[in-house]
Each structure stands twice: as C-alpha cells, then as structure tokens.
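Okay, so here's the structure we're looking at.
What you see is a predicted model; the values in this text were computed from it and never measured. Atoms within each ligand, like the ligands themselves, are counted from 1 in listed order.
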Amino acid sequence: MKLVTFTDPDAPGRDKLGRINSEGHVEDLTPVAGDRTLLDVIDAWPQLGPALAAATALPVAAGARLRAPIPQPPRNLFAVGKNYHDHIEEFARSGYDAPDRAEKIPAVPIVFSKVPTAVTGPYDDIDPHPAVTTELDYEAELAVIIGRGGRGIPREQAMAHVWGYTIINDVTARDLQRDHQQWLLGKSLDTFAPMGPWAVTADEVGEPRNLIVSSAVNGEARQHAPLADLIFDIPELITTISAGITLHSGDIIATGTPAGVGIGFTPPRFLQPGDLVECSITGLGTLRNAVRQHDPARNPR
Ligand code: MG
C-alpha cells in the first residue's frame, strides 16, 4: 500500500491521510482512519493496516497537495554517511572530508541526524539559503520507516521492525558540513529533507536490495545504483542504532547516498536557484524539488 499525507484546497491547513490507488490518484482515507496521522497508523498497524487495505469506494481527493508522508517527525531523522563505496571515493577526492578519514571504508556505520524541521514535501522548493551557504548539494536516499520499535534488535529480527520505505533527498550545505566538522548544521537547514512522495509498506516493496536509487538535475542523470551496493545493509543499520537507543514506531533512517553528487564532479557542480532536482527509487516514486528561495505563500510551513 502507498500511503500519503495530503491537504486539499478546501482545508489547506489540515493534514489528511490518503492512499494512492492503481490509477495514481489520491484517495481520502479519513472515512476509515478519522483524524489519525500516518504516525498514528504506523503505531497501530496490526489493528489498522488490514482495515485500510480493505477499504474500498473511497473518495478521490481533487486538487490534493502532497506533504511529506511524516511532515513533522517527533524526533531527529537518523541518517548514514559514506555507505556506498563509489561515494566514499568521490567524497575523498573532493577534499571535503577530514584528511585523516578520507578514502577509508568505515569499520562501523557513520550515523548522524537531521532535525525534524528540515522535512519538506515531495514537490516543495528547496531553499538555497544564500546567506548561509554557497555549496548546495543533493543526495538521493532510501529511507526506512520503523514499524515496531525496540532496543537491542538482533540482525536476524531487524527486517520485522521495518514498516515501510520512502525517499529522502539528504540535501547538504557542503561548506557547513566541512567547516563545522559535525554534520548536523550542514544537513539540517529548513527544507533540507524533501520526503515522499509516498510511504510504501514493506510487503509491497519486497526485497529492498533490488531497488535502484537514482537522481537527476535539470533532467541530467546524476546518481544510479542498486541498494545492494550498500556497505552496511538495513539490518546492520537497525542493529547498530538500536543497540543503545530505543527505536520508536515512525522513526526514519536515511540509508546513505551513492556516487554522483555535486562534489563528485571536478569542479563541483553545486545546485543553483532555478535548478530542478529529482530523486527516484524503483516503485517508490520521485521527489521533484525546485531550488528556489523560500516564499511563505508558495510553501506554507
Ligand atoms: Mg546522505
């Protein structure tokens, strides 16, 4: 099932839960789900999931505007750095990594976080923050959405804790990432986590190793890699994070990005105002975000 959070033109301030039907249209799930958010639904999935899947004859939401599936995560997004071999090489070549760490394949996952207010919708603008950064970059990533929480989750049980998947563009200000050494600032500016367009249940995705992660800027292909190329796979990431941090239902883990980001080019090809960034994953849809300075009228927050 593909679930979405949307607003309709009649009540733009109110988030609703929806489902993408076989024609690609948004169906309004509020007749079944009431006021529940996607987070509520994920938390009660064993009870609510079957009812949502069985619901038929739902109204199609005309003029629906998709928001991020989880527009306001209750805590930081977990994210993983340097999790594809080719990306480690391009990051090292770029000179943006600390010299003593460059080109080394990490022995254990590099886990950092992005603040929840970075999240923005699948078709909303990415704010270039010209007063803060001049080195804006993109990173297409598969994001895992946790279903059943837990601590000390063993590797062999990890996939049973995955509720589903979505796409995140881990937008990065490379100068802030480099200069501040700790990555939180460079990864967390407002609008630096476009998410969506849908949250897809794990049963519909099947084996995630077969997924292809790709991106394009202004229609020019930039990234393209199978998820099988991950250095630390999804069970390893869940086991590592949950070893000492209790994972909650609805937690999000962005799994890392393959080669082809802007700093991978010589000279680097940073995003500029007016650019259109597209991040796609097989069966999960496409994020489509223009780089445009924030306008509260266009992208109400
Ligand atoms: Mg990343």
Closest approach to the Mg ion (ligand 1) by [X], given as the N, O or S atom name:
X: Glu139; answer: OE1
X: Asp170; answer: OD2
X: Glu141; answer: OE2

Under the salt bridge (charged side-chain N to carboxylate O under 4.0 Å, His left out) test against Arg14, which residue among Asp28, Asp8, Asp35 passes? Asp35
Name of the residue among Thr172, Asp170, Asn76 meeting side chain to side chain donor-acceptor pair (under 3.5 Å) with Lys114: Asp170
Within a strict 4.5 Å, meaning less than it, do heavy atoms of the Val144 and Trp163 side chains meet?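 Result no, sub-4.5 Å side-chain heavy-atom pair not found.
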Flag yes if Val80 and Ile105 sit in one hydrophobic cluster, no otherwise; membership is Ile, Leu, Val, Met, Phe, Trp, Tyr, and two members link when side-chain heavy atoms are under 4.5 Å apart.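 Yes, Val80 connects to Ile105 through the hydrophobic network.
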